[in-house]
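Working notes for the structure below.
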Amino acid sequence: ESFFGRMKTEIIDIIARCKNLDTVKQLINGYINMHNNERYQENLAALSPSEFYTYKVTGQYPLDNYYGIETTELMSLEQIIEAKLEMQEKKKEAVRLQLVNGDQLPFLNEHLTLSVFREESSRCRVKKAGDRLLLFVPYEADYEIRRMAIEKWYRKMAAQWIRERAVFYAGMMQVSFSEIHIKDQRSRWGSCSGLSNLNFSFRLMLAPAAVAEYVVIHELCHLRYMDHSQSFWQMVEAFCSDYKVRKKWLAEHGNELYLF
């Protein structure tokens, strides 16, 4: 997601937190200047406008579980950079499937065996049949075509599964959201904008259901608390008592979700 996409959805949050318009302008201009810096783009592209505001005010980067960092306190910008670079290296080391017959694809609490069928067709089809994932592709389909077809199927499953959980827990929490978007966010498993839009990575469908559910709960709690304060974590725990276990799984195994 681009900086300008995030700015559009989070500018209201910045204004709400900082009433002085001149200060808001300075923060936004500073953020844009940093965003245009090559080193910043490589290492800190996930820093949202509201997070940048927090950093400028406190000098500390907001604690966020989505970076796969096990910590109990706020971290300095330098620590976040180091941790994120380490995560990037782990992602590079992750095993990449060739998406051929016999490959094992995790899907929530299941492991699906991929079966590839080539046929006279110009379109791809993907269908789940028991513990198998059937992929029908044109004869000339290469890896990228197979990957795109499977990703499209995972995105569709994510849209259905995540919406069901979001509606269920939103009702329990008595909060409401605007829209849900399924993406392939490179640095976060989910996010919540100042306009109450929720974004989730389709790769959560490759994680255990309990882990994916935790991320849904986490983002819904941001509809009440747009920070990672003690009150926020207490709310998360109220609806997900073992959230620390699920959070730890993401920290230790998140790179394994980049199989294709």
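These values consider heavy atoms only, across backbone and side chains, with no hydrogens, waters or symmetry-generated copies.
L204 and V245 are members of different hydrophobic clusters when ILVMFWY side chains are connected at heavy-atom separations under 4.5 Å. Linking Ile, Leu, Val, Met, Phe, Trp and Tyr whenever their side-chain heavy atoms come within less than 4.5 Å puts F168 and F239 in one cluster. Linking Ile, Leu, Val, Met, Phe, Trp and Tyr whenever their side-chain heavy atoms come within less than 4.5 Å puts L220 and V167 in one cluster. L206 and Y143 fall within the same hydrophobic cluster, where Ile, Leu, Val, Met, Phe, Trp and Tyr residues are linked whenever their side-chain heavy atoms come under 4.5 Å apart, directly or through other members. In the hydrophobic cluster analysis, where Ile, Leu, Val, Met, Phe, Trp and Tyr join through side-chain heavy atoms closer than 4.5 angstrom, M148 is grouped apart from V126.
The CE atom of M226 sits 7.0 Å away from the OG atom of S193 when rounded to the nearest 0.5 Å. Taken from CH2 in W189 to OH in Y214, the straight-line distance is 12.5 Å, to the nearest 0.5 Å. The NE2 atom of H253 sits 9.0 Å away from atom CG of N255, with the distance rounded to the nearest 0.5 Å. Remark: E164 CD to I162 CD1 distance equals 10.5 Å, nearest 0.5 Å. Interatomic distance, L133 CG to K127 NZ, rounded to the nearest 0.5 Å: 11.5 Å. From L259, atom CG reaches atom CG of D103 across 9.0 Å, with rounding to the nearest 0.5 Å.
Between C124 and P138, some side-chain heavy-atom pair lies under the 4.5 Å cut-off. Side-chain contact between L135 and L114: present, with at least one pair of heavy atoms (C-beta onward) separated by less than 4.5 Å. Annotation: side chain of M235 is not in contact with side chain of I217 (no heavy-atom distance under 4.5 Å).
The backbone N or O of Y258 lies less than 3.5 Å from a partner atom in the side chain of R96, making a donor-acceptor pair. Judged purely by atom type and a 3.5 angstrom limit, R165 has no side-chain atom pairing as donor or acceptor with the backbone of A212. Checking side-chain atoms of R155 against main-chain N and O of I182 turns up a donor-acceptor pair under 3.5 Å. Side chain of N109 to backbone of A209: a donor-acceptor contact under 3.5 angstrom is found. In terms of modelled atom types and a separation under 3.5 Å, the side chain of R246 and the main chain of A210 share a donor-acceptor contact. Put simply, the side chain of N197 gets close to the backbone of E179: a donor and an acceptor are under 3.5 Å apart.
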* Mind running side chain to side chain contact (heavy atoms under 4.5 Å, CB included) on H218 and K247 for me, showing each step along the way? => CA-CA 10 Å; H218 183 113; K247 174 182 172 182; over 6 Å; no
* To do: Check the pair M205 / F200 against side chain to side chain contact (heavy atoms under 4.5 Å, CB included), numbers first and verdict last.
  => CA-CA 10 Å; M205 295 298 95; F200 297 96; over 6 Å; no
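Alongside L134, the hydrophobic cluster contains F117, F136 (criterion: ILVMFWY side chains under 4.5 Å). The hydrophobic cluster containing I145, built from Ile/Leu/Val/Met/Phe/Trp/Tyr side-chain heavy atoms closer than 4.5 Å, comprises no other residue.
When all heavy atoms of L97 and Q104 are compared, the closest pair comes out as CD1-O, 3.5 Å. Considering every non-hydrogen atom in both S191 and E219, the closest pair reads C-OE1, 3.2 Å. Contact between G102 and T113 at its shortest, heavy atoms only, is CA-CG2, 4.0 Å. Of all heavy-atom pairs between S176 and L223, the closest is O-CD1, 3.6 Å. For R224 against V175, the heavy-atom pair with the smallest separation is NH2-CG1, 3.4 Å.
Residues forming a ring-ring contact (aromatic ring centres under 6.0 Å, His included) with F202 (at least two apart in sequence, or on another chain): none. Shown here are the ring-ring contact (aromatic ring centres under 6.0 Å, His included) partners of Y169, two or more places apart in sequence or in another chain: there are none. Remark: K156 pairs with Q160 by the side chain to side chain contact (heavy atoms under 4.5 Å, CB included) rule, at least two apart or across chains. For the side chain to side chain contact (heavy atoms under 4.5 Å, CB included) test, residues two or more places apart in sequence or in another chain that qualify with E110 are F107, L112, K128.
Heavy-atom contacts from other residues, nucleotides or ligands closer than 6.0 Å to CZ of R118 number more than 12. Atom CD of E144 has more than 12 heavy atoms from other residues, nucleotides or ligands within 6.0 Å.
Considering W233, W249, F232 in turn, W233 is the only one that fulfils the ring-ring contact (aromatic ring centres under 6.0 Å, His included) rule with Y243.
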